Amino acid sequence: MEMNNYKLLIVDDEEDVIDVMLKRVLWDEIGFTVAGTANNGVKGIECAEAIEPDVIMTDIKMPYMDGIEMAKRLKKEFPSVKLLLLTGFDELEYAKEAIHLEVEEYLTKPLNVSELTDIFKRLKEKLDRENDEKKNTEKLRKYFDESLPLLQANFYVELIEGRLASERLTGYLSEYQIDFDSAYYCAVVLHTSKTVVPSDIDPFLLAFSVRREAENNFTEKWKAKFFEYLGNTVMLASLPNAKALSDLTDECDSFCKEMKRSLGAVVTAGIGVICSDPADLKQSYEGARDAVSYRVIYGTGRAINIREVAPKGKNAKENSDSASGQALALMGKKILLGSEDDINSAIQEWYDISLSKCSTVREYQMAVMELAGYIYKFATDNSLDAEKASGQADLYNYLPQMEKMQLKEWLTGTAHHFKEQLDLARSESTRSFVDKALDYIKEDYSEKNLSVEGMAEKLSVSGSYFQSVFKKETGKTFNNYLTDYRMKEAVRLLTETDDKNYVIAEKTGYSDANYFSYVFKKQFGVSPSVYRSQHENK
């Protein structure tokens, strides 16, 4: 496929229509490549998820799922995809009234190849203009120059740094014309990778292109405010209620995937804890920043909610501004997210700063007391048992009795033990999470409306987090696992009962017996009736 070619998916249950379009339209010459075809809406969705097309041309009337329903679902997953609807003449008004999907063209059958070619030429020009706008260096620089006013940006930075007195907050909001009038607030950190970048755009400008798309996506619904801080885009979102946090997480996850598809940008969204007072956005921002750090564990290009990856909502933090306190905080962060070598390096840094320079017994005792206090705090914040890990009942009495190198060896062993315990707890939490989901499937597989969203709500997590964890642990998507389980139950009912196919379809969660037969045949190669006849004498 040429570099400038756009991917086209054609969905039509009439094979001769697809054949004519494939053979008679010179797709490559007009800037398109037919990346896939499908003969019904169900297959159309599967194909679209696999190839991520730029344009979808679909018939309306098709078996199992019509083109309108397919278009509605795909428009949610791929908001920027261009849609062309194929209709019979008598369906044209129905098609226009039935959906509001920003359809590019309504094409009536029979198709005129010349007209079809002209339509796609115009569509190619439109797609080129949109892509040029996203990647045009001058426009991005202009957008950067016209970004949020300096006073507002400075206010947001001071807010998340905790440098604004709460009693002055109302005055500042009025002066800077900032609207904070929601029930809850949440900070989101949008981190755009500077190492994985398309060759035709500057990383700095790519990050601002991501910010512009974020403003377009989130400003209206979430009353979002944006500003740049420490190399990332920070979004302050307003939430009508606490449950809306899951929706925000899912929308951020979809946004990250869309940025990868449309711009080639690898974006990770860190979601902080919610708060009811804007003055507390400092804690929300810290959680969002920590959530982004978890990309080394959970992967980039997605949304990470700090409450989902660290359910206790606590992190090992030190407020001390001393070099020793900062070194201890770094050690704690490496225990949470780093490798064994990272932990060893952090311990060595603390040793060099705190212990190696002690010239008196008092200085040594103060450094050790600070260490003991930090270990207790870190253990408490992360539900660990400091005394069990060390084998000592009282670290304040035990640690000062050690010599410097002995203490360093003890600290190294304890830190690695903490890391093992955290990794084990994280793994057990994930397995427990998935086990609950599997139990729900066994209990509710006959429910027709069983979905990712419903399952995530039962487990009190976002849909994006649920899908990623479920697939990581089972090797299958939720929908694939559910289909396999339903088909296993269908086989049992076919071989152990005399139930009719439509009854078995109902019992396994399918309201349409024809669609049930379609899925069954796709899974086993034969229809339910044939399968029953083949196995009834066995």
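Values below: every heavy atom of this structure, side chains too, minus hydrogens, waters and symmetry copies. Keep in mind that what you see is a predicted model, and the values were worked out from it rather than measured.
Within the 3.5 Å criterion, the main-chain N or O of E447 finds no donor-acceptor partner in the side chain of D444. A donor-acceptor pair under 3.5 Å links the side-chain atoms of R295 to the main chain of V292, judged by distance alone. Although no hydrogens or angles enter the test, the distance criterion places a donor-acceptor pair under 3.5 Å between the side chain of D54 and the main chain of K7. Side-chain N or O atoms of D342 include one that pairs as donor or acceptor with a backbone N or O of S339 at under 3.5 Å. Judged purely by atom type and a 3.5 angstrom limit, S284 uses its side chain to pair as donor or acceptor with the backbone of V273. T268 places a side-chain N or O within 3.5 Å of a backbone atom of G301 that can act as its donor or acceptor partner. S174 places no side-chain N or O within 3.5 Å of a backbone atom of G171 that could act as its donor or acceptor partner. Panel note: side chain S193, backbone T195; a donor-acceptor pair is recorded below 3.5 Å. A donor-acceptor pair under 3.5 Å links the side-chain atoms of S345 to the main chain of D341, judged by distance alone.
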- Message: Could you go through K72 and K76, starting from their C-alpha distance and side-chain angles, then the distance that decides it, and tell me whether this counts as side-chain contact (heavy atoms from CB on, under 4.5 Å)?
- Response: CA-CA 7 Å; K72 287 180 179 178; K76 289 181 180 179; 5.9 Å; no
- Message: Run the side-chain contact (heavy atoms from CB on, under 4.5 Å) test on L9 and V81 for me, step by step, so that the C-alpha distance in whole Å, both residues' side-chain angles and the decisive distance to 0.1 Å come before the verdict.
- Response: CA-CA 11 Å; L9 169 63; V81 72; over 6 Å; no
- Intermediate values then yes/no, side-chain contact (heavy atoms from CB on, under 4.5 Å), L22 and V34: CA-CA 8 Å; L22 290 177; V34 180; 3.6 Å; yes
- Do N305 and Y294 pass the side-chain hydrogen bond (donor to acceptor under 3.5 Å, both in side chains) test, and can you show the C-alpha distance, the side-chain angles, and the key distance before you say yes or no? CA-CA 10 Å; N305 188 320; Y294 274 86; over 6 Å; no
- Determine, stepwise, if the pair L239 / W222 fulfils side-chain contact (heavy atoms from CB on, under 4.5 Å). CA-CA 7 Å; L239 285 69; W222 300 100; 4.0 Å; yes
- Query: Are E125 and K121 close enough, and set up right, to give a salt bridge (charged side-chain N to carboxylate O under 4.0 Å, His left out), and what steps lead you there?
  - Reply: CA-CA 6 Å; E125 292 175 357; K121 285 181 178 178; over 6 Å; no
- Test log, rule side-chain hydrogen bond (donor to acceptor under 3.5 Å, both in side chains), inputs T483 and N480: CA-CA 5 Å; T483 297; N480 286 342; 5.4 Å; no
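With a 4.5 Å cut-off on side-chain heavy atoms, K225 and D179 count as touching. Proximity of V469 to E308: side-chain heavy atoms (C-beta onward) are nowhere separated by under 4.5 Å. Within the 4.5 Å cutoff, side-chain heavy atoms of I441 are placed close to those of L482. Side-chain atoms of Q283 and C275, non-hydrogen and from C-beta on, never get closer than 4.5 Å to each other. Between Y106 and I60 there is no side-chain heavy-atom pair separated by less than 4.5 Å. Side-chain contact between I201 and L263 is absent, with no heavy-atom pair separated by less than 4.5 Å. Between L450 and R486, some side-chain heavy-atom pair lies under the 4.5 Å cut-off. Here the side chains of L169 and L159 are in contact, with some heavy-atom distance below 4.5 Å.
A salt bridge is defined here as a Lys NZ or Arg NE, NH1 or NH2 lying under 4.0 Å from an Asp or Glu carboxylate O, and D247 with K221 fails to meet this definition. Taking the charged nitrogens against the carboxylate oxygens, K124 and D128 do have a contact shorter than 4.0 Å, which makes a salt bridge. A salt bridge links E215 with R211: at least one charged nitrogen is closer than 4.0 Å to a carboxylate oxygen.
Relative orientation of the F466 and F470 rings is tilted, given thresholds of 30° and 60° on the angle between their planes. Classification of the F180-Y156 ring pair by plane angle, with boundaries at 30° and 60°, yields perpendicular. Relative orientation of the Y172 and F155 rings is tilted, given thresholds of 30° and 60° on the angle between their planes. A parallel orientation is assigned to the rings of Y515 and Y518, their planes being inclined by less than 30° (bins at 30° and 60°).
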Taking distance alone, no hydrogens or angles, what donor-acceptor pairs closer than 3.5 Å link side-chain atoms of residues 252-260 to residues at least two apart or in another chain?
residue: D253; atom: OD1; partner: A303; partner atom: N; Å: 3.0
residue: D253; atom: OD2; partner: K257; partner atom: NZ; Å: 2.6
residue: S254; atom: OG; partner: D250; partner atom: O; Å: 3.3
residue: E258; atom: OE2; partner: S80; partner atom: OG; Å: 2.8

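Counted within 6.0 Å of NZ on K471, heavy atoms from surrounding residues, nucleotides or ligands total 12 or fewer; the atom is thus considered open. Enclosure of atom CZ in R261 by more than 12 non-hydrogen atoms of other residues, nucleotides or ligands within 6.0 angstrom is indicated. With a 6.0 Å radius and a threshold of 12 heavy atoms from other residues, nucleotides or ligands, K243 has its NZ atom at or below the threshold. Within 6.0 Å of atom CD in E52, more than 12 heavy atoms from other residues, nucleotides or ligands are found, so the atom counts as buried in its surroundings. Atom CG of N449 is surrounded by 12 or fewer heavy atoms from other residues, nucleotides or ligands within 6.0 Å. More than 12 heavy atoms of other residues, nucleotides or ligands sit less than 6.0 Å from atom CZ of R122.
Atom OH of Y481 and atom OH of Y485 lie 7.5 Å apart (nearest 0.5 Å). In this structure, the separation between CG on L438 and CZ on F478 is 9.5 Å, given to the nearest 0.5 Å. Once rounded to the nearest 0.5 Å, the distance linking OG1 of T37 with CG of D12 reads 10.0 Å.
A side chain to side chain contact (heavy atoms under 4.5 Å, CB included) with L111 is found for exactly one of V25, L86, V20, namely L86. Screening V189, L245, I306 against I271 for a side chain to side chain contact (heavy atoms under 4.5 Å, CB included) leaves a single residue, L245.
At least one cation-pi condition fails for K43 and Y64: the charged atom is not both under 6.0 angstrom from the six-membered ring centre and inside a 45 degree cone around its axis. Taking the ring centre of Y440 as origin, the terminal cationic atom of K458 falls inside the region bounded by 6.0 Å and 45° from the ring axis.
Scanning both residues, M70 and G44, for their nearest heavy atoms gives SD-CA, 3.8 Å.
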